[in-house]
Peer 1: 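One structure, pasted below without further comment.
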Protein chains: 2
Amino acid sequence: MKILIVEDEQEMLNNMRQSLEQELYIVEAASNFKSATEKIGVYDYDCILLDIGLPDGDGLELLKYLKKQGKDDGVIIVSAKDSLDDRLKGLDLGADDYLPKPFHMAELNARIKAVLRRRNFDGNTLVEIGNVLIDTESRIIKIADEKIILNRKEYSILMYLIANKTRLVTKTALAEHVWGDHIDQTDSFDFIYSQIKNLRKKMDKATITVEAVYGVGYKLEVE
Amino acid sequence: MKILIVEDEQEMLNNMRQSLEQELYIVEAASNFKSATEKIGVYDYDCILLDIGLPDGDGLELLKYLKKQGKDDGVIIVSAKDSLDDRLKGLDLGADDYLPKPFHMAELNARIKAVLRRRNFDGNTLVEIGNVLIDTESRIIKIADEKIILNRKEYSILMYLIANKTRLVTKTALAEHVWGDHIDQTDSFDFIYSQIKNLRKKMDKATITVEAVYGVGYKLEVE
DNA sequence: CTTCAACGATCAATATTTTCATTTTCTTCG
DNA sequence: CGAAGAAAATGAAAATATTGATCGTTGAAG
């Protein structure tokens, strides 16, 4: 999960970054309008946290730009101004949520989760990718109409790869997300290889495949 | 929830134990200074009921020892002497409450509850996590607005996991905390598995799940 | 006092997850 | 291109976890 923080106050930025990295998001930051536009132009983010009051431009302009480009990154407006008017303007321009400062990090996390959930799974429990259909409620997976059963780890890996769709997932990120933060960095990644092998075997009829990226991690390939 | 009674009068001890076990606490006891120090050194308690007048040492010394060790168990001083001076001394040394003898068991229960609440859940009688709502007063659990009933062990396990939220709980710690000090290290953990299974079944509609960490223990997963 | 249901422990059969030894694949560099 | 070394894949074994069945206890209801 990749998040862009657009925020000019350094301290605020650091707080947010730290909190989000704790939650295992990949965090990038832009501290002004120009840098934000560049990043957005080049990368896709799952969620953009957008401060309205930037030194060199209006955050709302960025939002307009996003939509004009047809990007559909999630956007949460973070603003010191909490006038109803601003709020409405932001949501009108297609923001997903509006969070007035000051706020608790827990609140931010909750909003982000909500946005990610809405976007990744359209609010419903069915996820379809290639010929793979997943009911996230019952954890039932169908490949070409045939039901297959994944165990906990396999399911968790698959969902993480899907959440990051075409993006590259490092082995460290995968380990942290699926196994937790107690894993030893000096460990070998044998346990990942093993699970990936089983997952692949169960998914051999699928049009999506788990591809290794040598020296880095894995990546979902569609078709 | 685990409570240590430090008390030398056998009858008093039995009364307290019975009353507390009725309230579904895990109760352990020490009848002298030495035994109390040992227990405190080895285990963590949610609350310690400390009699001041011990045959082989001053209860207040125990309190000092606790603080020096950096332990933050809750402490309620139970004493026959009700001089203002003693009371102040005790609270000064970091006790959470002071209960003069004689007292009604109901009074003791109320004080314990207050201490536990203050320490574990910031004074809130309601604990909310994911779609799970717990009234620690009545031990009623609601999952997605549906009432469910947990028995003693299940409740105890859940609360311990929640108290440790995202942190990892080893099986030994869990056993020690929920079952008390009579567990044998050479034992299998079958009795834990059994309870975890039941707890999971009752919580299958919850957005929080109990995840096993291979070879170590369990961990609460939110969402 | 008896009966019955819930509780909690134990055991055995399965299933999952990790580990290990080995083989294969990939990248680099001469 | 071809060899060497690093990374990844594989198969099988070992370790651990899950589950369902069973059974003695306990406590509540009648």
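Side chains included, hydrogens not; waters and symmetry mates left out as well; all remaining heavy atoms used. Keep in mind that this is a model prediction, so the values were computed, not measured.
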Peer 1: Base, sugar-phosphate, or nothing for B:Val213, non-hydrogen atoms under 4.0 angstrom?
Peer 2: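 Result for B:Val213 = sugar-phosphate.
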Peer 1: May I have the distance from A:Asn151 (atom CG) to D:dA17 (atom P), rounded to whole angstrom?
Peer 2: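 Rounding to the nearest Å, CG of A:Asn151 and P of D:dA17 are 15 Å apart.
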Peer 1: Angle between the two end axes of the helix from C:dC1-D:dG30 to C:dG30-D:dC1, five base pairs per end, rounded to 10 degrees?
Peer 2: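 The helix from C:dC1-D:dG30 to C:dG30-D:dC1 shows an end-to-end axis angle of 30°.
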Peer 1: Whole Å only: how far is the CG atom of A:Leu174 from the P atom of D:dA8?
Peer 2: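 Atom CG in A:Leu174 sits about 12 Å away from atom P in D:dA8.
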Peer 1: State, without any angle test, whether B:His177 and B:Asp46 hold a side-chain donor-acceptor pair at a distance under 3.5 Å.
Peer 2: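 A pair is found: one side chain offers a donor N or O, the other an acceptor, under 3.5 Å apart.
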Peer 1: To the nearest 0.5 Å, tell me how far A:Tyr218 OH sits from A:Ile192 CD1.
Peer 2: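 The distance works out to 7.0 Å.
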Peer 1: Has the side chain of A:Tyr214 got a donor or acceptor atom sitting under 3.5 Å from an opposite partner on the base of D:dA8?
Peer 2: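 When only heavy-atom distances are counted, A:Tyr214 does not reach the base of D:dA8 through any donor-acceptor pair under 3.5 Å.
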Peer 1: Pick the nucleotide of DNA chain D nearest each of A:Arg152 and A:Val216; which residue has the one closer to the 5' end?
Peer 2: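 So the residue in question is A:Val216.
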Peer 1: Taking atom C1' of C:dT18 as reference, at what distance in whole Å does atom NE2 of A:His182 sit?
Peer 2: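 Answer to the nearest Å: 12 Å.
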Peer 1: Measure the distance from CZ on A:Phe189 to C1' on C:dT19 and round it to the nearest whole Å.
Peer 2: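 Rounded to the whole Å, the gap is 15 Å.
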Peer 1: Go through B:Tyr214 and A:Trp179 one step at a time and tell me if the ring pair (Phe, Tyr, Trp, His ring centres under 6.0 Å) criterion holds.
Peer 2: CA-CA 9 Å; B:Tyr214 192 92; A:Trp179 277 266; over 10 Å; no
Peer 1: Applying the side chain to side chain contact (heavy atoms under 4.5 Å, CB included) test to B:Ile208, which of B:Ile143, B:Asn131, B:Leu161, B:Val222 qualifies?
Peer 2: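 The passing option is B:Val222.
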Peer 1: Between A:Tyr218 and D:dA9, is there a contact of a side-chain N or O with OP1 or OP2 at under 4.0 Å?
Peer 2: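 So the side-chain polar atoms of A:Tyr218 do come within 4.0 Å of the phosphate oxygens OP1 or OP2 of D:dA9, strictly under.
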Peer 1: Atom CD1 of A:Ile192 to atom C1' of D:dT10: distance rounded to whole Å?
Peer 2: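 These atoms are roughly 16 Å apart.
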Peer 1: Give a yes/no answer on whether the side chain of A:Tyr193 brings an N or O atom under 4.0 Å of OP1 or OP2 in D:dA9.
Peer 2: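 Checking D:dA9 against A:Tyr193, no side-chain N or O comes under 4.0 Å of OP1 or OP2.
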Peer 1: For the residue pair B:Ser31 and B:Asp8, confirm or rule out a side-chain donor-acceptor distance under 3.5 Å.
Peer 2: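 Per modelled atom types, B:Ser31 and B:Asp8 side chains form no pair under 3.5 Å.
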Peer 1: Going by number, which of residues 194-203 of chain A have a non-hydrogen atom under 4.0 Å from DNA chain C?
Peer 2: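 Contacts with DNA chain C under 4.0 Å: A:Ser194, A:Gln195.
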Peer 1: When you check the gap from the basic side-chain N to the acidic O, do B:Lys101 and B:Glu7 get nearer than 4.0 Å?
Peer 2: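 Answer for the salt bridge query: yes.
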Peer 1: In terms of side-chain geometry, is the basic nitrogen of A:Arg152 or A:Glu154 positioned less than 4.0 Å from the acidic oxygen of its partner?
Peer 2: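 Salt bridge between A:Arg152 and A:Glu154, a charged N being under 4.0 Å from a carboxylate O: no.
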Peer 1: To the nearest angstrom, how far is B:Tyr155 atom OH from C:dC7 atom C1'?
Peer 2: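 One finds 18 Å between C1' of C:dC7 and OH of B:Tyr155, rounded.
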Peer 1: Which nucleotide in the list D:dT18, C:dA9, C:dT17 gets nearest to the side chain of B:Ala212?
Peer 2: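 For B:Ala212, the side-chain atoms sit closest to D:dT18.
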Peer 1: Would you mind reading off the distance between B:Lys219 atom NZ and D:dA17 atom C1', rounded to a whole angstrom?
Peer 2: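 Going from B:Lys219 (NZ) to D:dA17 (C1'), I get 17 Å.
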Peer 1: Would you indicate, yes or no, if C:dA9 has its OP1 or OP2 atom less than 4.0 angstrom from a side-chain nitrogen or oxygen of B:Trp179?
Peer 2: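 Answer is yes, contact under 4.0 Å.
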Peer 1: For the pair made of CZ in A:Phe191 and C1' in D:dA15, what is the distance, rounded to whole Å?
Peer 2: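 Rounded to the whole Å, the gap is 16 Å.
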Peer 1: Of A:Glu154 and A:Asp190, whose closest DNA chain C nucleotide lies nearer the 5' terminus?
Peer 2: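 That would be A:Glu154.
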Peer 1: With a 3.5 Å cut-off and no angle check, do the side chains of A:Glu28 and A:Tyr45 form a donor-acceptor pair?
Peer 2: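 Per modelled atom types, A:Glu28 and A:Tyr45 side chains form a pair under 3.5 Å.
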Peer 1: Just verifying a value: how many Å separate B:Leu50 CG and B:Ile52 CD1, rounded to the nearest 0.5 Å?
Peer 2: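 Rounded to the nearest 0.5 Å, the CG-CD1 separation comes to 5.5 Å.
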Peer 1: Can you list the steps and then say if B:Glu146 with B:Lys142 is a salt bridge (charged side-chain N to carboxylate O under 4.0 Å, His left out)?
Peer 2: CA-CA 5 Å; B:Glu146 191 143 357; B:Lys142 278 193 169 188; over 6 Å; no
